[in-house]
Number of protein chains: 2
Amino acid sequence: MSKKTNIKNTSRTIRPSKTGGAEDAYTELPLDQILQGNCIELMNRLPEKSVDVIFADPPYNMQLKGELHRPDNSHVDAVNDDWDKFDNFSSYDDFSKAWLTAARRVLKDNGTIWVIGSYHNIYRVGATLQDLGYWVLNDIVWRKTNPMPNFRGTRFTNAHETLLWCNKGENYNKYTFNYDAMKALNEDVQMRSDWTLPICSGKERLKVNGHKGHSTQKPEALLYRVLLASTNKGDVVLDPFFGSGTTGAVAKKMGRHFIGLEKEEKYIRLATDRITAIDELEAEALEITPAKRAQPRVPFGTLVERGMIAPGTLLYSPKSSNGKQHIAKVRADGTLISDSSKGSIHQVGAALQGAPSCNGWTYWHLQVKEQLVPIDMLRQQIRQELH
Amino acid sequence: MSKKTNIKNTSRTIRPSKTGGAEDAYTELPLDQILQGNCIELMNRLPEKSVDVIFADPPYNMQLKGELHRPDNSHVDAVNDDWDKFDNFSSYDDFSKAWLTAARRVLKDNGTIWVIGSYHNIYRVGATLQDLGYWVLNDIVWRKTNPMPNFRGTRFTNAHETLLWCNKGENYNKYTFNYDAMKALNEDVQMRSDWTLPICSGKERLKVNGHKGHSTQKPEALLYRVLLASTNKGDVVLDPFFGSGTTGAVAKKMGRHFIGLEKEEKYIRLATDRITAIDELEAEALEITPAKRAQPRVPFGTLVERGMIAPGTLLYSPKSSNGKQHIAKVRADGTLISDSSKGSIHQVGAALQGAPSCNGWTYWHLQVKEQLVPIDMLRQQIRQELH
DNA sequence: CCTCCTCCTGAATCCGGCA
DNA sequence: TTGCCGGATTCAGGAGGAG
């Protein structure tokens, strides 16, 4: 059982045919619509080899256990939706295999598929993609500028998600990749496999009664880059896990057609309202998040790690008016130790001077051939590499 | 068939025992050595649960690429393609399963394993890790500052590799993670899951007759961060695909023990020379920022006992946003009593705030000359005495 | 209108020692 | 093994109010 939801009056007429089985097959693509139901059944009703690109944001199977609080004791509103629960890896794999098989049938031979995930699920999804014959073109890392920290200090901040971009096989080489558009978007340097973008928050984040409209809404900037890279104007983009409809919103804005598949009524309502309010952009499109121009932050530890300053190296302060000079030793984790204090280059510099603060980059020097050179010189080198 | 290679004169004597099978078992760990042979066989000869960390840089499945094509390189239909791919990925999976199983036996229950790979193999490796019961702690993205560009403009620049960091399972929670050292290395901001480091080039890149000594030599900075994060001084690090010996070089430098497994004679020679030339850093330089949890516990009652806080003293919470401030009185046994609750400094603090927990040391303050001073100041005094 | 400050929040596999 | 309980733990950015 499934029904369709029209997004705009201009959407095409649907003619389900009764031939060939219990399910109604779409003889024509239901463009710019959200179809309600199980995405596998719905995909099987679409004509084969009919869509240009698939973007899929399947459940991540997060397997969260207890409650989590921030250090200020506030409660973390985690993803604990029923749709994210699976019994075990095996049942998750069955699910992945099923929807990716249905997706493969619908995808044009020269089409491509994007799947986004986290470490909880992306390794399984990636293996399943390969098992089904999909060919990985790139794995893309979405570096979040503002991820949630690790509140308990138990792991590295989980600061990225992964997208897999695949075509239907090694020998299908005519997929769309707008190389020059990507290069232009990246200030005339080849677009890399790591994309730095903020998470979806602020005004862009859809709310219902003051609460998140969807627990995992993706930022439009992410979809913008995906669609700009891998589709042309007028292409058809299928999203089998439509959710809050970011794919549809960006597709409409960019003059692409979308087909959204979604089980839950509440998300369909949310997405429908959202997309209805959107106007298609004129020819020239804008990147929502411009590249940051600021100088990249370089921790002092980076110099140690890279072997530019070995642990055990002595650093020297400038000689003060009374001829006194401070010395500190570099430790393995990029902190300093002096006679009387330990800590960052800034902390130790401040402590030794009895000052409230200190710029360690200019205060501390290396001895190079009987000359003192500020460690800031080394930071400049690294910043040049990071360009 | 395998043999060992001593790296330094001080290495311990090895006593292979003839008991229990055709293979010689090591009754003692062959520390700081490179063992020649098949890594699975070698791992099976090591004592179980004996190494603290495994770092593995397995073949990326590029070698198998030839097998992924038909011998005549003919175009393969998508559907028929499946078995072909499956068979070949399957053999890579068998290989992964075999060495990861052997690795699991050798790894201490509270040990962790790192595996590095690219999109060609990491999704398969990740799924295999999970299938074997390993629990992913983080997936780490190594962002290369200087990756090889995509010359043909057909894809995004492949600018990263992925590391998976796992422990032996969901319930093994005592793995080593030097959170504070990582934070210090990153200038007092939590270390994230994306690491920006250059590839191995220049002087660091080992050459033999003017050519690369090893085709996939990893940068020492990468191993430095891995080992600083997940090992302590004196720990044993096993690398089953030792190659050019970056793991051993960094381990030696950092005062960790290594065990290297490697099939090829030429790489063993390369790595041996390399590691021999390396000096271990001095002890003071290897010190890192200690975890607060590692500091001696001081019961609040000690302050009362020592007369630093008299029974009857009033303690004050910080003023909250609505101007409210909680007050509690110290009792003779080091518990607090307030209007509504009694108990430890933590329990009363939590109860008064209606919070799930509270660090009483930072929550409660003494009034000293019209200023509020956290009682943690007094704990610091005691800890210094204990020094 | 601008600045400053406080509050809130985000796909999270989030503690550990001891009785 | 379970349960108790001490006490350690966060970054970026947007919204909104105060001044």
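The model shown is predicted, which means the values in this text are computed figures rather than measured ones. Chain letters run A, B, ... following the sequence lines, proteins first and then strands; every chain starts at 1.
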Verdict with reasoning, A/D333 to B/T289, per side-chain hydrogen bond (donor to acceptor under 3.5 Å, both in side chains): CA-CA 7 Å; A/D333 62 355; B/T289 309; 2.6 Å; yes

Quick one: which of [options] gets closest to the side chain of [X]?
X: B/R293; options: C/dC15, C/dT13, C/dG17; value: C/dC15
X: B/N173; options: C/dT13, C/dG16, D/dT10; value: C/dG16
X: A/P149; options: C/dA12, C/dT13, D/dT10; value: D/dT10
X: A/P71; options: D/dT10, D/dA8, D/dA12; value: D/dT10
X: A/T145; options: C/dG10, C/dA12, D/dG13; value: D/dG13
X: A/L68; options: C/dG10, C/dC14, C/dT13; value: C/dC14
X: B/R379; options: D/dA8, C/dA11, D/dT9; value: D/dA8
X: B/N359; options: D/dG7, C/dT13, C/dA11; value: D/dG7

Between [X] and [Y] (salt bridge meaning N to carboxylate O under 4.0 Å), is one present in this structure?
X: B/K108; Y: B/D52; answer: yes
X: A/R274; Y: A/E220; answer: yes
X: A/R124; Y: B/D131; answer: yes

A/R143 charged N/C atom sitting above A/W195 aromatic ring, 6.0 Å / 45°: no

Which nucleotides of DNA chain D pair, in dot-bracket form (Watson-Crick or G-U under 3.5 Å, | meaning another strand): .|||||....|||||||||

Donor-acceptor under 3.5 Å (A/R155 side chain, B/N138 main chain): no

Taking only side-chain nitrogens and oxygens of [X], does any of them come within less than 4.0 Å of OP1 or OP2 of [N]?
X: B/Y179; N: D/dT10; value: yes
X: B/K292; N: D/dT9; value: yes
X: A/N158; N: C/dT13; value: yes
X: B/S344; N: D/dG6; value: yes
X: A/K144; N: D/dA12; value: no
X: B/H346; N: D/dG7; value: yes
X: B/K183; N: D/dT10; value: yes

When the ring planes of [X] and [Y] are compared, do they come out parallel, tilted or perpendicular, using 30° and 60° as the limits?
X: A/H214; Y: A/W83; value: parallel
X: A/F242; Y: A/F258; value: parallel
X: B/Y363; Y: B/H326; value: tilted

Roughly how many Å is it from [atom1] in [X] to [atom2] in [N], rounded to a whole number?
X: B/Y363; N: D/dG7; atom1: OH; atom2: C1'; value: 15 Å
X: B/Q190; N: C/dC14; atom1: CD; atom2: C1'; value: 10 Å
X: A/H160; N: D/dA12; atom1: NE2; atom2: P; value: 18 Å
X: A/L206; N: D/dG14; atom1: CG; atom2: P; value: 17 Å
X: B/R297; N: C/dG16; atom1: CZ; atom2: P; value: 16 Å
X: A/I199; N: C/dT9; atom1: CD1; atom2: C1'; value: 8 Å
X: A/D72; N: C/dC14; atom1: CG; atom2: C1'; value: 15 Å
X: A/E161; N: C/dT13; atom1: CD; atom2: P; value: 10 Å

Beyond-backbone contact of B/W364 with B/V348, side-chain heavy atoms, under 4.5 angstrom: yes

Heavy atoms only, 4.0 Å cut-off, all strands: where does [X] land among base, sugar-phosphate and nothing?
X: A/P147; value: base
X: A/T216; value: base
X: B/E170; value: nothing
X: A/G117; value: nothing

Base orientation of C/dT6, syn vs anti, 90° cut from 0: anti

Closest-nucleotide 5' rank along DNA chain D - winner of B/R192 and B/I345: B/I345

Using the [atom1] atom as the reference point in each nucleotide, state the distance between [N] and [M] in Å, no decimals.
N: C/dT13; M: D/dG13; atom1: C1'; value: 26 Å
N: D/dG7; M: C/dC14; atom1: C1'; value: 15 Å
N: D/dT9; M: C/dG17; atom1: P; value: 14 Å
N: C/dC18; M: D/dA8; atom1: P; value: 15 Å

DNA chain C: 5'-proximal contact among A/N150 and A/R70 (nearest heavy atom): A/R70

First of A/R205 and A/R152 reached from the 5' end of DNA chain C, by closest nucleotide: A/R205

Check: A/F95 ring centre within less than 6.0 Å of A/F86 ring centre: yes

ring centroid sep under 5.5 Å plus plane angle under 30, B/W135 with C/dT13: yes

D/dA8 base / B/S357 side chain donor-acceptor hit below 3.5 Å: yes

Donor-acceptor pair present, A/K218 side chain and C/dA11 base, under 3.5 Å: yes

